[in-house]
**Q** 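Shown below is the structure under consideration.
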Amino acid sequence: MTSLKHGTFFVMVLLILGCAKDTYHDLGNRGENIPRYHVIEDNVNGAPVVVVGNQSDDLIVAFSREVNGYIRSFNETSEFLPAVMKDGYDNYYDIFGRAIKGPDKGLELNGVNSGMGFWFAFSSRYPGIELYDQGTRDYDIILEPDHDWLVPTAFVSQGAGFDVIQSLQEASFEEYDVRIDDPDIQYLVRDNDHVIIVNFAGEQRVYPLSILYRHEIVNDEVQGIPISVTHHPLTGTSKVWIRPVISSEESFGVSGFVYNGNMLAFDRATLSYWTQLEGLCVYGPLRGEQLDLIPHIETTWKTWRNFDRTPHVMTAETGFSHNYSVYPFGDYRTNHNAISHPLAVDDDRLPRKERVFCIEVDGVAKAYRMEDF
Amino acid sequence: MKILFVHRRLVFIVTMLIYFLHPQAYSQACCTSAVPAASNQLDFNREVYGLSIRLDYDHNFLNDLIYEREELEDDSRKRVSNTYFLSLTYMLDSSWGVSVALPFVDKVETNTSLTGNVSELRTGGLSDISAFIKWQNTGRGNWQIISTLGVKIPTGIVDEINEENGILYSADLQPGTGSWDFLFAVEGVYKIKPRLLFNIGGSYTLTTPADRFDSQISYKFGNTLQILMGAAVPFVSGAIEFLPFLNLRSRFSEKDQVNDSFEPNTGGFWLNIQPGVRAIINNKVMFSLIAQAPVYRNLTGVQLSTSYRFQTGVLINL
């Protein structure tokens, strides 16, 4: 598992985008307040990164600052949306790290393994994790793998039954037009509901967490390329992977096992177990294999409609009769005492359920708080 | 065949047995299968003071995947739970009795993936021992009342590990629960006619949390309320007294809890039908056979639930 592998892949992925969906508009012309996205230039495990986000928008993303072997400098901008930052060469970048204006227009920054989640999920997975502006904490703990696992089994536990939480094998989408104010066609997603946005292979798709709360994994296909969009409600973490091949046998399911409280997916072909946070196979015939991660954005439905006026949103036509408008776990998201599984470390530097943004590079992680933006 | 109204006390006893002779009368069943809970076995024979011994076998087959009130078309998972009970009862006098039950359980969970791969999980061993005190009225009116107070002691195995992958089995797959539970039950039998008895009863099980993973996690099965109602038609054939009966048993379970959080996909309401028959020989030996099938279910989330169940047993007054 290396950031280089991820970075190389991200470049390839972004090059595939080609004629990416461009629904951008200049909100500045509409006279609306343009939120300033704050930019943090930083290093994670020696890798230069840029983290850009806005607390009120509930949106943070991160990219590598290395471009063609050189480290670029970035600053924030509020000149126009969708530009959220610019570099020292007057290139303006959108939320996907694409230069949309400037001498290097079309340039795409490499992504890094990153995403939102509850503090306890990252702090237990990466003991002593560095907290931006606060440093690390020392923990006298060694996570030794055992019993043919690549992780210590003391922190692997079974929650739901095997394959009880039913992953989806396909998804349908519809175009949502924000210019239509008819309340009768209001989508199931509400303003403050969170969504995952995946910009891949020339398409941009929105996956409501309201659906993923019930299924945790959506096995989708974009331009013929199989992907899996995942969200684990217990850790609040989301990741998107490339699936190895196109077939139902290669789809991922929810094993019901968790490691440090975080989902372990399984592949239906070999029944191997994969961590969500790294896409690493930790048990089974494919132990040691690494999935290719795809960058994603997680934010609110309201925020995303500012970036995309005609988003393609996954529908609730899943074949199941769940009531997706209801969060199924009560007060779990705000109850800091509600922890269902053993954790290697219970780091009290932050409240357990505080949502933070985490970047991981070669097994070393760093977390950023929303208030940093 | 001669149909007689059997001795009132015997009817009373047997009727009481209708309810209480369910080895897993207070078992929980989420996607899980019945976790052996307090076995409310209060077999005693008022005709014979002293000791009686009973052996029971309970077979619980779970293959119905239920989402709230809907049965899903999914045959990929099932669980079979076989429980063997050894119970000893001692009558102190005509009203008071004490009883202890030792359960041994064997559970097998089978999951079949979309590609046909089958995984099997198996646990077994001593479950939680239960102890009871029972009281019944001694009057000769049409109503016979029995009340029970019991405790389930966490003697069962709670740390079974999957030998294949080294992972601790989930709480509901373990033979024991690791928790002290307390139950209270009351049942009444009313003689409508000499050949027709009506029984109604209820029980409440109060559960407590049990520690797992070096006390980092506490797991508490949901408290359970059960209501039972039924009728029996006693008759005698030769030297054997028969008591065929039909009960409706409802069960409401709260959601399980992990630390301070309610577990999804646990808890709900079940309504089952229970036909059965008991045969009593010379007031010394009794055989029983009870079946159970679901009539209505309204569960929380998605759960594996009982498709059918049956229990059989023999009681011997020593």
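Because the structure is predicted, anything quoted here is derived from the model rather than measured. Order of the sequence lines sets the chain letters (A, B, ...), proteins ahead of strands, with each chain counted from 1. Side chains included, hydrogens not; waters and symmetry mates left out as well; all remaining heavy atoms used.
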**Q** Quick one: what part of Y273(A) sits under 4.5 Å from any heavy atom of chain B, side chain, backbone, both or neither?
**A**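 Looking at Y273(A), nothing touches chain B.
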**Q** Can a donor-acceptor pair be found between the side chains of Y324(A) and H215(A) at a distance below 3.5 Å?
**A**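 Present: a donor and an acceptor within the cut-off.
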**Q** Chain A heavy atoms under 4.5 Å from L65(B): which part of the residue, side chain, backbone, both or neither?
**A**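 L65(B) touches chain A through side-chain heavy atoms alone.
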**Q** When only pairs under 4.5 Å are counted, which of S157(A), P328(A), A154(A) shares the most heavy-atom pairs with chain B?
**A**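 Sorted descending by pairs with chain B, the first entry is S157(A).
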**Q** If the threshold is 4.0 Å, N to carboxylate O, is there a salt bridge linking D267(A) and R243(A)?
**A**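 Not counted as a salt bridge, because no side-chain N and carboxylate O are separated by less than 4.0 Å.
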**Q** Looking at D348(A) and R137(A), does any basic side-chain N land under 4.0 Å from a carboxylate oxygen?
**A**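 Yes, charged N to carboxylate O under 4.0 Å.
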**Q** Can you tell me if T235(A) and N262(A) form a side-chain donor-acceptor pair at under 3.5 Å?
**A**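 On atom types as modelled, these side chains qualify, holding a pair under 3.5 Å.
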**Q** Please state whether the side chain, the backbone, both or neither of F262(B) comes within less than 4.5 Å of a heavy atom of chain A.
**A**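 Contact with chain A: none, neither part.
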**Q** Heavy-atom distances under 4.5 Å only: say whether Q257(B) touches chain A with side chain, backbone, both or neither.
**A**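 Contact with chain A is absent: no heavy atom of Q257(B) under 4.5 Å.
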**Q** Could you report the tightest heavy-atom contact between F320(A) and Q166(A), atom names first, then the distance?
**A**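 Heavy atoms only, the tightest pair is CE2-OE1, 2.7 Å.
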**Q** Students often mix this up, so state it plainly: with edges at 30° and 60°, are the rings of F61(B) and H59(B) parallel, tilted or perpendicular?
**A**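 F61(B) vs H59(B) ring planes: parallel.
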**Q** What part of N335(A) is in contact with chain B, defined as an atom under 4.5 angstrom from a non-hydrogen atom: side chain, backbone, both or neither?
**A**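 The answer is the side chain of N335(A).
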**Q** Side chain, backbone, both or neither: which part of H341(A) has an atom under 4.5 Å from a heavy atom of chain B?
**A**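 Contact with chain B is through the backbone of H341(A) alone.
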**Q** With a 4.5 angstrom heavy-atom cut-off, which part of E70(B) approaches chain A: side chain, backbone, both or neither?
**A**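 Just the side chain, heavy atoms under 4.5 Å.
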**Q** Mind listing the closest non-hydrogen atom pair of D128(B) and P103(B) along with its distance?
**A**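 Here D128(B) and P103(B) meet closest at O-CG, 3.1 Å.
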**Q** For the interface with chain B, which of D346(A), D148(A), I339(A) has the highest count of heavy-atom pairs at distances below 4.5 Å?
**A**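 Between D346(A), D148(A), I339(A), the count favours I339(A).
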